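Since the structure comes first, as structure tokens, the remarks are kept for the end.
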Amino acid sequence: MGTSDRPIGGGSSSRGSKEAMQAMRGAVQRLHALGHRRIGFVNGGSEYNFCTLRHAGYRQGLSDAGLAYEASLVRENVRLAQDGASATR
């Protein structure tokens with residue numbers, strides 16, 4: 001979905017971008033409620049507004065849960081499923 005989003009500065013943002021940010025925030029909060037304390041994040045292309053907003057939602061979710069941001073748990077610019085799988089090993 002991130003690859004169909006408009007590049008940053010390329011016009012209006014895609015429909016649902018704010019919802020994506022809230023969804024990511026909620027996902028982090030849910031994982032925290034289940035007892036997770038180190039929550040990773042695999043994101044698509046940083047040139048896309050959708051991905052930038054998802055990352056912001058991830059960071060907000062961590063903050064809401066009182067968890068520290070750990071750069072070592074974040075993978076950016078992952079565009080293919082197999083690359084995402086490799087990035088999490």
Side-chain angles (χ1 to χ4, degrees):
M1 187 167 181
T3 56
S4 64
D5 190 30
R6 297 189 194 295
I8 293 175
S12 63
S13 70
S14 70
R15 204 174 101 218
S17 291
K18 281 190 169 185
E19 290 84 1
M21 185 171 86
Q22 291 301 321
M24 185 55 61
R25 181 180 180 192
V28 171
Q29 291 171 338
R30 174 79 173 138
L31 289 169
H32 180 260
L34 291 170
H36 297 274
R37 298 297 177 258
R38 296 184 75 225
I39 301 168
F41 179 64
V42 178
N43 203 12
S46 59
E47 70 272 18
Y48 295 104
N49 191 43
F50 177 85
C51 294
T52 300
L53 291 172
R54 283 183 64 219
H55 191 237
Y58 167 73
R59 299 279 304 249
Q60 186 62 55
L62 291 176
S63 178
D64 292 347
L67 298 174
Y69 175 81
E70 295 182 54
S72 64
L73 298 178
V74 176
R75 300 294 181 268
E76 295 283 357
N77 298 310
V78 177
R79 290 177 172 81
L80 302 174
Q82 61 265 29
D83 295 337
S86 296
T88 59
R89 293 185 188 157

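The model shown is predicted, which means the values in this text are computed figures rather than measured ones.
Among all heavy-atom pairs drawn from A87 and V78, the shortest one is CB-CG2, 4.4 Å. Nearest heavy atoms, N77 versus S46: OD1-N, 2.8 Å. Contact detail for R37 and L67: the closest heavy-atom pair is O-CD2, 3.7 Å. For the pair A20 and F50, the tightest heavy-atom approach, listed with the atom from each and the gap, is CB-CE1, 3.2 Å. Residues C51 and G45 come closest through the heavy atom pair CB-O, 3.3 Å. Shown here for M21 and A56, the closest heavy-atom pair between the two residues is SD-CB, 4.0 Å.
Residues R54 and F41 meet the side-chain proximity criterion, which asks for heavy atoms closer than 4.5 Å. Side-chain contact between R25 and Q22: present, with at least one pair of heavy atoms (C-beta onward) separated by less than 4.5 Å.
At distances below 3.5 Å, not a single donor-acceptor pair connects side-chain atoms of S63 with backbone N or O atoms of R59.
In the hydrophobic cluster analysis, where Ile, Leu, Val, Met, Phe, Trp and Tyr join through side-chain heavy atoms closer than 4.5 angstrom, I39 is grouped together with V74. Hydrophobic clustering of Ile, Leu, Val, Met, Phe, Trp and Tyr side chains at less than 4.5 Å, counting indirect connections, unites Y69 with L31.
Interatomic distance, M24 CE to H55 NE2, rounded to the nearest 0.5 Å: 10.0 Å. We find the OG1-CG distance between T88 and D83 to be 11.0 Å, quoted to the nearest 0.5 Å. Residue R38 holds its CZ atom at 5.5 Å from OG of S72, rounded to the nearest 0.5 Å.
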